[in-house]
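Atoms within each ligand, like the ligands themselves, are counted from 1 in listed order. Since this is a predicted model, take the numbers as computed values, not measurements. Only this structure's heavy atoms are used, side chains among them; waters, hydrogens and symmetry mates stay out.
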Amino acid sequence: MSANENPRNVPTVLVERMVARLRDLPFNRYPDPLANTLRDDIANAYGLERTNVLVGNGGDELLFDIALAWGGPGRTLLNFPPTFSVYAANARLTHTTVESIDRLPDFTLNEEAILERVAKGKVQCIMITSPNNPTGQCARLEFIEQLLNATDALVVVDEAYGEFAGQTVLPLLEAHQNLLILKTFSKAYALAGVRLGYVLAHASVINELIKVRQPYSVDAVSQAFGEVVFENRALFESGIEEIISERARVFEVLTCDDAFAKVEAFPSDANWILMRVPQAHEAWDYLYSQGVLVRDFSSAPLLGGCLRVTIGTPAENDRFLRELKVFLGKVTS
Ligand SMILES: *Cc1c(COP(=O)(O)O)cnc(C)c1O
């Protein structure tokens with residue numbers, strides 16, 4: 001329960017179709033460099049053109065491509081910690097300057113400070129994670145629209161967990177050339193092991209990414225598997241709904257059950273819950289010793305005392321709650 005993966009594997013009927021696709025693959029040939037069949041599937045689903053879509057070897061590769069194309073010496077990335085650590089890591093690797101504007105104590109964006117900073121200019125790229133990992137909540141759509149109007153910088157909205165959120169910036173894409181939306185097959189679509197992500201943006205943005213990307217990063221096997229999963233994505237809906245309802249159930253227990261009175265759980269639009277726990281590191285150790293692996297953020301900046309638990313199956317969630325309750329019962333004072 002530590003990496004925000006889908007607790008359920010790809011449905012068996014799709015695994016069978018994936019295996020069938022493997023039998024017909026020309027393994028001796030290079031793959032289509034741009035994965036155009038999958039690109040078209042994705043474009044059609046969003047009412048976009050092929051030129052508005054780019055597929056990558058996981059969202060992480062696309063984030064690196066964004067750093068290559070919009071970062072570099074003398075360029076600045078605006079980042080809003082606590083957030084996904086990959087953005088700052090990519091900036092360091094590309095010698096991009098990072099300017100951070102910390103989130104407020106409730107982990108919402110410091111909107112006023114962000115707008116003040118972009119008014120000064122000289123920013124090439126802005127990262128907004130919505131829902132934000134690891135804190136859980138979406139950014140306000142009205143604010144993102146305001147920001148897009150206030151800057152020429154590329155505004156990346158990382159919607160890796162958008163399927164759990166019931167909100168997307170997609171309606172803003174048509175009117176905003178500087179918006180890039182990042183999505184992945186790794187979370188809602190249970191393909192973390194395959195490595196597929198995609199971006200949606202204006203063709204001018206996609207063209208810049210094509211200049212820096214590795215031509216064959218998305219192999220033929222991943223393309224075929226991605227096509228099967230994307231074309232049948234309706235089969236994942238019930239699993240997504242289960243995660244959303246389990247998230248509500250776990251949150252309710254953590255916030256209303258007296259046994260968890262010492263826990264401060266933060267509301268989440270994603271497939272995990274961040275919580276502040278007394279003696280968090282000891283809590284992590286205890287959970288681990290009982291076979292429950294969560295993510296320990298307790299020594300990360302701005303996240304003191306926090307653990308993040310990925311929503312699992314109902315049985316996994318029950319086990320997590322049971323073991324955390326046992327730990328809390330041993331905490332004195
Ligand atoms: C998981 C994740 C991604 C992308 O993951 P991939 O497996 O590389 O597709 C992107 N952004 C955030 C915030 C994530 O948590």
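Ligand 1 is never approached by G197 to a heavy-atom distance shorter than 4.0 Å.
Of the listed residues (T129, D158, V86, L182), the one carrying the non-hydrogen atom nearest atom 12 (C) of ligand 1 is D158.
Close approach of ligand 1 to R195 is summarised as follows: ligand atoms under 4.0 Å from at least one heavy atom of the residue are 6 (P), 7 (O), 8 (O). Annotation for ligand 1: atoms under 4.0 Å from non-hydrogen atoms of A160 are 2 (C), 3 (C), 10 (C), 11 (N), 12 (C), 14 (C). Residue-ligand proximity, S186 to ligand 1, at heavy-atom distances under 4.0 Å covers atoms 6 (P), 7 (O), 9 (O). Atoms of ligand 1 lying under 4.0 Å from any heavy atom of G58, numbered from 1 in the order shown and given with element: 8 (O), 9 (O).
Between the side chains of S222 and D219, at least one donor N or O lies within less than 3.5 Å of an accepting N or O.
Taking all atoms of both residues into account, the shortest heavy-atom contact from A69 to R75 is O-NH1, 2.8 Å. Residues C138 and A165 come closest through the heavy atom pair SG-CB, 3.7 Å.
Counting only distance, with no hydrogens or angles, the side chain of R276 and the backbone of A280 share no donor-acceptor pair below 3.5 Å.
Looking at G59 next to ligand 1, an N or O pair under 3.5 Å apart turns up. In terms of polar-atom proximity, defined here as any N/O pair under 3.5 Å, Y87 makes no such contact with ligand 1.
A salt bridge links R249 to D318: one of the charged nitrogens lies within less than 4.0 Å of a carboxylate oxygen.
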